[in-house]
Amino acid sequence: MEITSTLFTAKAIYVGIIFAITLGVAAYSTYFERIIAAFMQDRVGPDRAGPFGILQPLADAVKMFMKEDFIPANSNKWLFIAGPCLSMLTALMTSAVVPFGDQLDLGDGIILDLQGIDVNIGILWVFGIVSLGVYGVLIGGWASNNKYSLIGAIRAASQNISYELAMGLSIIAILMLSGSLSTKSIVETQQNGHWNILYQPLGFVIFLVCAFAECNRTPFDLPECETELIGGYHTEYSSMKLGFYLFSEYINMFISGAVMATLYFGGYDYLFNDYVAQISWLGEYAYNVSALLGLVVLIVKALIFVFIFMWVRWTLPRFRYDQLMGLGWTGLIPLAMFNVVLTGASMLFTVNDGGSNWMTVGASWAGVIIMLVVTFAYSEMKYKKKKLATA
Amino acid sequence: MNYQPSDFLPILVQLVAALAFIVATMLATHWLGPKRHSVLKDDAFECGIESVGDARTPISVKYFLVAILFVLFDVEIIFMYPWAVNFMGWVKSTSDVAITMFLEMLVFMGLLLLGFIYVIKKGVLTWEK
């Protein structure tokens, strides 16, 4: 009983720390988003609040708090408040199943897993919470009783559900390789450099595109594109309610980066885990140092993904709505199905009969290359036919 | 690895932390900001043009069809999850079971693909018209 209660306290402290890290990273993502935008457009960016403008997120937060908390007269008041709260709640709950590190030995036989909850449904938890996130946007847009908000909300909902399909399909291939739904087991099968990105190049690309769409980031930011819809589903929002919508987007970016690192880039694995865990001058702390280093490595991997999100925002223009739906349904879903079949076939032919892991890797890359060649040849053929028909 | 319902307990800590953060922020922003009301200001903002009628008018049926199709396909994808989780075990045990299971999944996926092609040929996803 004593050990259980100490363990629970340790776990509660750990959850609190991850919570604080998530909020801190999200707050500073807003600053770095502007710095990176400024760098890419050859501007200076925010530099007034504190040295290099590093107090900018704080200034933004104070401004948000001091603004009028506006609620339109003909809206549904409680739903209007519930919308952003639900968005924020779902964004904050996803991080629970992400394994941020291996185990810490706290002495007295207490082993703390550096993961909120290690449960056998693992990745399904992420999907469940992410699909609840649609409700936040939909409720907010509907409750505003504004035509632009409603169109934005409906666009957001149908975009999110469309890309969820391809995302779910791309995960299936990962589950086939790891044989478990638990995120911890998925990471453990990737230790020592057997990262899933080697086995799943196509699956990763599909997942990345879907993550962009789920976070409503450019080039899929149609729900809030200001040239068509004023501000989309958050047109009527002000003060911290608007802040919640924007903030939850940044939290989702960080968490989806962490999930992608977990699924495809080995999670907290950094190739030298075993080596660090055996350094002699660290003595009994060597194991803990190695675990904490893993935590730092996972956060760095997630931050690299956050940078990619920002990089793409200033590189690609926005899709048109029919292009967006066309890519999601007729592009990504058949591709993801092909990926599942390819993974299954390559596993059948290489896992037994004395085949090595590298053969599985080779088979999956060969499949992707064949697919690319066939698609290219097909589109070339179609293009020539079209040319003949018009000539 | 032995999983127990008590594994879920730390989620309560996270839920309480998240709810506390949200409620505190909402109360603070409600309390801190100024409040000035007028009939025109409390109206819905539609680019400065007076808003006509209710916003909750019927919208394109395409969105509804997408939602229905999502439910259909999502359920079918969820059926593949148990199969996927067990596949590695089959491959490692005897290759006969694995090949049978692989072929069965191909049949399932083929049927799914047929439905998918039907939906596309029906023009549910052509947004231009």
Side-chain angles (χ1 to χ4, degrees), chain A residues 8 11-12 15-16 19 64-69 72-74 81 85 88-89 92-93 96 116-120 144-148 150 154 158 161-162 164-165 168-169 172 175-181 230 235-236 239-241 321-322 325-326 329-330 333 337 340-341 344 347-348 351-352, chain B residues 1 3 7-11 13-15 17-19 21-22 25-26 28-30 32-36 39 42-47 51 54-56 59 63 66-67 70 73-74 77-78 80-81 84-89 91-92 95 98-99 102 105-106 109 112-113 116 120 125-128:
Chain A
F8 188 76
K11 201 76 159 203
V15 168
F19 195 76
M64 285 280 194
F65 271 112
M66 303 309 281
K67 289 282 176 188
E68 180 174 352
D69 189 23
N74 50 0
I81 298 171
C85 294
M88 194 68 187
L89 186 68
L92 286 172
M93 293 302 284
I117 47 168
D118 179 21
V119 288
N120 50 0
S144 304
N145 206 349
N146 177 326
K147 293 169 191 99
Y148 294 95
L150 189 67
I154 283 167
S158 64
I161 60 179
S162 301
E164 228 159 76
L165 290 177
L169 271 169
I172 288 178
L175 298 181
M176 287 162 75
L177 286 168
S178 64
S180 171
L181 282 166
I230 315 179
T235 300
E236 292 289 351
S239 80
M240 216 44 204
K241 290 209 210 72
Y321 200 74
D322 60 310
M325 290 312 241
W329 283 89
T330 56
I333 290 177
M337 280 181 172
V340 172
V341 174
M347 278 168 73
L348 272 185
V351 169
N352 281 341
Chain B
M1 181 86 201
Y3 292 105
D7 289 344
F8 281 93
L9 266 183
I11 205 69
V13 180
Q14 190 152 0
L15 185 68
L19 281 178
F21 173 73
I22 289 167
T25 312
M26 276 293 147
T29 187
H30 187 73
L32 281 172
K35 302 235 166 355
R36 285 178 208 99
V39 178
D42 286 359
D43 218 11
F45 176 74
E46 290 174 1
C47 299
S51 59
D54 197 71
R56 288 153 196 170
I59 44 144
Y63 291 104
V66 167
F70 163 72
F73 282 95
D74 208 34
I77 287 169
I78 287 295
M80 289 187 216
Y81 273 65
V85 169
N86 289 316
F87 191 69
M88 194 52 146
V91 170
K92 278 187 174 160
S95 47
I99 288 171
F102 183 66
M105 184 41 68
L106 278 188
M109 225 175 233
L112 185 67
L113 206 60
F116 188 69
I120 290 176
L125 296 168
T126 42
W127 289 79
E128 300 91 80

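Chain letters run A, B, ... following the sequence lines, proteins first, then strands; residues in each count from 1.
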Asks: Using non-hydrogen atoms and a 4.5 Å limit, figure out which bit of B/Leu9 sits close to chain A: side chain, backbone, both or neither.
Replies: both
Asks: What class does the angle between the rings of B/Tyr63 and A/Tyr321 fall in, given that below 30° is parallel, 30 to 60° is tilted and above 60° is perpendicular?
Replies: tilted
Asks: Can you check side-chain hydrogen bond (donor to acceptor under 3.5 Å, both in side chains) on A/Asp69 and A/Ser239, steps first, answer last?
Replies: CA-CA 5 Å; A/Asp69 189 23; A/Ser239 80; 3.3 Å; yes
Asks: Based on non-hydrogen pairs under 4.5 Å, which of A/Leu165, A/Val341, A/Leu89 is most in contact with chain B?
Replies: A/Leu165
Asks: Considering all heavy atoms of both residues, which atom of B/His30 and which atom of B/Lys35 are nearest to each other, and what is their separation?
Replies: O-NZ, 2.8 Å
Asks: Against chain A, work out which of B/Val66, B/Ile120, B/Leu19 has the most heavy-atom pairs shorter than 4.5 Å and name it.
Replies: B/Val66
Asks: Examine distances only and state if a side-chain atom of A/Lys241 and a backbone atom of A/Glu236 form a donor-acceptor pair shorter than 3.5 Å.
Replies: no
Asks: Supply the atom-to-atom distance B/Thr29 OG1 to A/Glu68 CD, rounded to the nearest 0.5 angstrom.
Replies: 10.0 Å
Asks: When only pairs under 4.5 Å are counted, which of A/Trp329, A/Phe19, A/Tyr148 shares the most heavy-atom pairs with chain B?
Replies: A/Trp329
Asks: Flag the one option from A/Leu175, A/Ile81, A/Asn74 with the top tally of heavy-atom pairs under 4.5 Å to chain B.
Replies: A/Leu175
Asks: Most heavy-atom pairs under 4.5 angstrom with chain B, which of A/Asn120, A/Val15, A/Leu92, A/Leu177?
Replies: A/Asn120
Asks: Among B/Phe70, B/Phe87, B/Phe21, which residue forms the greatest number of heavy-atom pairs with chain A at distances under 4.5 Å?
Replies: B/Phe70
Asks: So which heavy atom on A/Met66 is nearest to which on B/Pro34, and how close?
Replies: O-CD, 3.3 Å
Asks: Taking all non-hydrogen atoms of both residues into account, name the closest pair between B/Ile11 and A/Ala96 and its distance.
Replies: CD1-CB, 3.2 Å
Asks: Select one option (side chain, backbone, both, neither) describing which atoms of A/Thr235 are under 4.5 Å from chain B's heavy atoms.
Replies: side chain
Asks: Check whether A/Phe65 gets within reach of chain B through its side chain, its backbone, both or neither, counting any heavy atom under 4.5 Å.
Replies: both
Asks: Would you mind checking which part of B/Ile59 comes under 4.5 Å of any heavy atom in chain A, side chain (CB onward), backbone (N, CA, C, O), both or neither?
Replies: side chain
Asks: Between A/Ile117, A/Asn146, A/Asn145, which has the largest tally of heavy atom pairs under 4.5 Å with chain B?
Replies: A/Asn145
Asks: Taking every heavy-atom pair that is under 4.5 Å apart, which of A/Ile154, A/Thr330, A/Ile333, A/Leu150 has the most such pairs with chain B?
Replies: A/Ile154
Asks: Taking side chain as everything from C-beta outward and backbone as N, CA, C, O, which of these in B/Asp74 sits under 4.5 Å from a heavy atom of chain A? Side chain, backbone, both or neither.
Replies: both
Asks: Between B/Met80 and B/Met109, which heavy-atom pair has the shortest distance, and what is it?
Replies: SD-CE, 3.6 Å
Asks: Given heavy-atom pairs under 4.5 angstrom as the criterion, report whether the side chain, backbone, both or neither of A/Lys67 touches chain B.
Replies: backbone
Asks: Any idea which heavy atoms bring A/Gly168 and B/Ile77 closest together, and the distance?
Replies: C-CG2, 4.1 Å
